[in-house]
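Step one of this worksheet: look at the structure below.
For ligands, and for the atoms within them, numbers begin at 1 and follow the listed sequence. Because the structure is predicted, anything quoted here is derived from the model rather than measured.
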Amino acid sequence: MPNVSFHALSQLDVASRAALMRRSETDLSGFMEKAAPIIEAVRTEGDAALVRFARDLDKADLDAARLKVSPAEFDAAFGMVDEDVVAAIRFGIDNIRRFHEEQKPEAMWLKEMRPGAYAGDRFTPIRSVALYVPRGKGAFPSVTMMTAVPAVVAGVPELAIMTPPAADGSVDAATLVAARLAGVETVYKCGGAQAVAAVAYGTETIRPALKIVGPGSPWVVAAKRLLAGVIDPGLPAGPSEAIILADDSVHGGLAALDLLIEAEHGPDSSAYLVTHSRRVTEEALAALPEHWARMTDQRVAFSTAVLTGACGGIVLTASIEESYRFINDYAPEHLEILSTDPFAHLGHITEAAEILMGPHTPVSIGNFGLGPNAVLPTSRWARTCGPLSVTDFVKRSSIGYVTATAYPEFARHARTLARYEGFSSHEHAVSDVRDRYLVR
Ligand SMILES: NC(=O)c1ccc[n+]([C@@H]2O[C@H](COP(=O)([O-])OP(=O)(O)OC[C@H]3O[C@@H](n4cnc5c(N)ncnc54)[C@H](O)[C@@H]3O)[C@@H](O)[C@H]2O)c1
Ligand SMILES: N[C@H](CO)Cc1c[nH]c[nH+]1
Ligand SMILES: [Zn+2]
């Protein structure tokens with residue numbers, strides 16, 4: 001049995017407690033240093049650099065003509081994916097679409113602020129957005145669904161999926177199925193930092209986009225940070241992370257089962273079981289070997305690295321209140337509340353990007369298509385932002401309309417503040433100079 005990291009929270013000093021907040025992406029300096037020349041090569045060499053990085057980093061044999069997925073590759077993908085996978089994708093897309101249609105803001109609203117003066121917001125789609133779909137430590141048709149569906153619901157006219165090629169130069173077949181079923185037919189075989197650079201600057205084959213969304217490895221996160229002045233990098237979604245909060249009403253074996261969900265993404269993930277119950281802790285530790293025995297070697301290696309390392313394990317608290325405090329401090333990407341009465345805890349949690357409630361809502365169900373978006377902020381960004389949504393694919397313009405009836409009162413106050421701030425043209429524009437032109 002590997003030595004699972006165990007932290008009795010009330011016995012930790014301030015530094016050890018602070019260390020528990022760390023994620024693998026907390027220090028990205030090494031990745032940023034190596035991503036910078038990749039980005040520069042794509043900016044200056046375009047497609048030639050993408051072909052070279054596909055060969056060197058993805059071991060994929062490609063030429064520029066094959067960077068874009070062809071209609072024939074899309075058609076072939078449907079023949080390669082089992083019917084039950086297609087059915088699961090259709091089921092997920094249907095739920096995700098219904099959720100995001102509900103979320104879509106009205107195209108415009110106007111409110112009468114004062115008699116005869118109107119103000120509101122108008123939402124219009126962003127013209128072009130790139131969707132990053134990872135591949136490497138897994139294939140992610142689900143991420144395709146989560147990024148493409150809200151983008152299509154928002155009405156973005158130009159969408160392109162960026163995803164790493166496999167060694168044979170192909171794109172994961174289920175990812176292509178999900179893309180077509182969600183309504184996106186432009187897919188480029190290009191991943192990592194080079195993909196972010198390609199859509200930021202554009203290449204001979206790849207059109208530049210105004211924004212990129214979607215999760216990725218630290219390479220992707222680092223490139224987004226470096227290119228934040230060139231392209232809108234969207235919400236910060238890095239290596240997956242989860243907290244399983246268990247109270248005394250559940251079996252610890254269940255907590256262990258769900259702790260392994262996000263721990264198996266990769267050695268750079270984070271996963272904690274947080275509980276004030278010693279019984280749950282002991283049951284969880286006892287159940288882990290049995291769960292590991294059912295997993296593939298790769299997933300055992302990833303989850304063991306997480307649970308025995310500095311970004312995972314078990315946190316035993318002194319009380320449920322201390323569990324809440326820890327979680328709100330940690331601000332996890334995914335939070336699962338394992339309790340027979342999850343709603344009793346919900347009000348105490350304010351900082352978590354996704355909160356999944358009760359023993360029948362494991363993180364897997366959120367990941368694969370309950371409806372809410374599973375592309376979520378990591379590394380404590382849940383303190384300031386939430387899941388990917390339709391609003392990430394639109395921008396807002398405010399609208400104002402003042403009639404002749406309402407104008408005098410607004411003009412009077414505007415003159416006063418313009419004078420105070422020392423802006424003479426601002427003042428003249430709402431003074432009797434304007435009246436000369438208005439009265440005809
Ligand atoms: N937050 C979320 O919503 C969410 C959702 C799904 C997945 N994820 C996370 O996304 C990540 C996916 O990672 P992945 O590796 O499977 O796919 P990825 O596509 O993000 O990264 C693979 C790419 O990284 C680049 N790369 C790999 N090694 C490199 C090196 N040595 N130098 C330069 N570039 C290199 C390559 O271009 C490769 O194509 C995981 O960390 C997972 O936890 C997050
Ligand atoms: N847990 C990921 C978000 O952090 C989403 C996902 C897709 N497939 C498996 N997991
Ligand atoms: Zn997951």
Side-chain angles (χ1 to χ4, degrees), residues 23-25 30-39 41-42 49-50 52-60 62 88 92 131-147 161-167 171-172 174-175 178 188-198 213-224 234-242 258 260-271 298-299 302-303 306 311 332-336 353-354 356 362-370 372-379 381-382 385-388:
R23 284 28 173 219
S24 60
E25 53 177 318
F31 292 96
M32 290 173 78
E33 214 174 284
K34 291 191 184 117
I38 296 177
I39 291 169
V42 174
L50 299 184
R52 193 169 68 248
F53 291 129
R55 187 193 62 217
D56 294 349
L57 299 173
D58 301 310
K59 310 290 169 244
L62 279 181
L131 313 173
Y132 190 84
V133 175
R135 186 173 188 191
K137 296 194 277 299
F140 291 98
S142 57
V143 173
T144 313
M145 289 148 45
M146 293 293 175
T147 52
I161 290 172
M162 310 300 292
T163 191
V171 163
D172 167 60
T175 294
Y188 294 109
K189 301 165 187 175
C190 178
Q194 60 274 25
V196 186
V213 303
S217 60
W219 298 106
V220 176
V221 180
K224 284 182 177 177
L235 68 92
S240 304
E241 54 184 57
D258 290 359
L260 289 165
I261 301 174
E262 295 302 287
E264 74 170 352
H265 267 279
D268 52 5
S269 286
S270 309
Q298 185 199 39
R299 300 296 165 190
F302 286 166
S303 53
V306 171
C311 296
E333 179 198 9
H334 305 278
L335 172 68
E336 202 182 296
E354 174 184 69
L356 296 166
V363 176
S364 323
I365 287 188
N367 279 185
F368 296 127
L370 172 61
N373 211 294
V375 176
L376 303 154
T378 53
S379 204
W381 288 107
C385 65
L388 188 69

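With a heavy-atom cut-off of 4.0 Å, Leu376 touches ligand 1 through its backbone alone. When non-hydrogen atoms are compared, ligand 1 lies under 4.0 Å from the side chain of Asp268 (C-beta onward) but not from its backbone. Residue contacts with ligand 2, taken as heavy atom pairs separated by less than 4.0 Å, do not involve Glu241 at all.
Residue Ser364 holds its OG atom at 10.5 Å from CG of Leu260, rounded to the nearest 0.5 Å. How far CZ of Phe368 is from CE of Met146: 9.0 Å, rounded to the nearest 0.5 Å. One finds the CZ atom of Arg135 at 14.0 Å from the OG atom of Ser217 (value rounded to the nearest 0.5 Å). Note that NZ of Lys224 is 7.0 Å distant from CG of Leu235, once rounded to the nearest 0.5 Å. How far CG of Asn373 is from CG of Asn367: 11.0 Å, rounded to the nearest 0.5 Å.
Side-chain atoms of Thr163 come within 3.5 Å of backbone N or O of Val133 as a donor-acceptor pair. Judged purely by atom type and a 3.5 angstrom limit, Thr378 has no side-chain atom pairing as donor or acceptor with the backbone of Glu333. With hydrogens and angles ignored, the 3.5 Å screen pairs no side-chain donor or acceptor of Glu336 with any backbone N or O of Pro362. Of the possible donor and acceptor atoms, none in the side chain of Tyr132 sits under 3.5 Å from a partner among the backbone N and O of Gly191. With hydrogens and angles disregarded, a donor-acceptor distance shorter than 3.5 Å links the side chain of Glu241 to the backbone of Ser379.
Heavy-atom minimum distance, Ala166 versus Ala60: O-CB, 3.2 Å. Counting all heavy atoms, side chain and backbone alike, Lys137 lies closest to Pro267 at CD-CD, 4.3 Å. Taking all atoms of both residues into account, the shortest heavy-atom contact from Lys34 to Trp219 is CB-CZ3, 3.7 Å. Nearest heavy atoms, Leu376 versus Ala237: O-CB, 3.4 Å. When every heavy atom of Pro215 is checked against every heavy atom of Val143, the shortest pair comes out as CD-CG1, 3.5 Å.
Counting heavy atoms from C-beta outward, Pro218 and Pro239 have side chains that approach closer than 4.5 Å. Side chains of Thr144 and Ile161 form a contact here, defined as non-hydrogen atoms less than 4.5 Å apart. Counting only heavy atoms from C-beta outward, the side chains of Val363 and Asp258 never approach each other to under 4.5 Å. Residues Leu131 and Val213 have side chains in contact (heavy-atom distance under 4.5 Å, counting atoms from C-beta outward).
When the heavy atoms of Gly238, Gly138, Pro239 are ranked by distance to atom 44 (C) of ligand 1, first place goes to Gly238. When Ala353, Pro267, Gly216 are ranked by how near their heavy atoms come to atom 10 (O) of ligand 1, first place goes to Gly216. Nearest to atom 40 (C) of ligand 1 by heavy atom, out of Lys137, Glu264, Arg135, is Lys137.
In this structure, atom 6 (C) of ligand 2 lies nearest to the protein heavy atom Asn367 OD1, 3.4 Å. Nearest protein heavy-atom contact of atom 20 (O) of ligand 1 is Ser217 N, 2.7 Å. At the shortest separation from atom 36 (C) of ligand 1 among protein heavy atoms lies Asp58 OD1, 3.6 Å. Of the protein's heavy atoms, Glu262 OE1, 2.5 Å lies nearest to atom 1 (N) of ligand 2. Among protein heavy atoms, the minimum distance from atom 42 (C) of ligand 1 is reached at Ser240 OG, 3.7 Å. Regarding atom 28 (N) of ligand 1, its nearest protein heavy-atom neighbour is Trp219 NE1, 3.4 Å.
Between Gln194 and ligand 1 there is a heavy-atom distance shorter than 4.0 Å. Not close to ligand 1: Gly266, with no non-hydrogen atom less than 4.0 angstrom away. Ligand 1 has at least one atom lying under 4.0 Å from a heavy atom of Glu333. Taking 4.0 Å as the cut-off, Ser142 does not count as a neighbour of ligand 1 on heavy-atom distance. Residue Ile38 places a heavy atom less than 4.0 Å from ligand 1. Ligand 2 lies nowhere less than 4.0 angstrom from a heavy atom belonging to Met146.
Salt-bridge formation is not detected for the pair Asp58/Lys189: no Lys NZ or Arg NE/NH1/NH2 atom is positioned less than 4.0 Å from an Asp or Glu carboxylate oxygen.
Within the 2.8 Å limit, His334 places no N, O or S atom next to the Zn ion (ligand 3). In summary, no N, O or S atom of Ser240 is located under 2.8 Å from the Zn ion (ligand 3).
An N or O contact shorter than 3.5 Å is missing between Pro215 and ligand 1 by distance. Distances between N or O atoms of Pro134 and those of ligand 1 include no value under 3.5 Å. Looking at Tyr132 next to ligand 1, an N or O pair under 3.5 Å apart turns up.
The contact set between ligand 1 and Val375, taken as ligand atoms under 4.0 Å from a residue heavy atom, comprises 3 (O). Heavy-atom proximity to Thr378, at under 4.0 Å, picks out these atoms of ligand 1: 1 (N). Within the listing of ligand 1, atoms 20 (O) sit less than 4.0 angstrom from a heavy atom of Val220. Atoms of ligand 2 lying under 4.0 Å from at least one heavy atom of Ala374, given by number and element, are 3 (C). Against a heavy-atom cut-off of under 4.0 Å, Ser142 is close to the following atoms of ligand 2: 7 (C), 8 (N). Listed by atom number, the atoms of ligand 1 under 4.0 Å from Ala374 heavy atoms are 3 (O). Near Phe140, with a cut-off below 4.0 Å to any heavy atom, the atoms of ligand 2 are 7 (C), 8 (N). Against a heavy-atom cut-off of under 4.0 Å, Phe368 is close to the following atoms of ligand 2: 8 (N), 9 (C). Close approach of ligand 1 to Gly192 (heavy-atom distance below 4.0 Å) involves ligand atoms 23 (C), 24 (O), 25 (C), 37 (O). Each of the atoms 16 (O) of ligand 1 lies under 4.0 Å from some heavy atom of Gly136. Distances below 4.0 Å separate heavy atoms of Gly191 from the following atoms of ligand 1: 37 (O). Of all atoms in ligand 1, numbered sequentially from 1 with element shown, those under 4.0 Å from a heavy atom of Pro164 are 19 (O), 39 (O). Taking every non-hydrogen atom of Glu333 and a distance limit under 4.0 Å, the qualifying atoms of ligand 2 come out as 3 (C), 4 (O).
Ring geometry for Phe140 against His265 counts as parallel: the plane angle stays under 30°, on a 0 to 90° scale with 60° as the upper cut.
Draw a line from the Zn ion (ligand 3) to OD1 of Asn367 and another to OE2 of Glu262, and the angle between them is 80° (to 10°).
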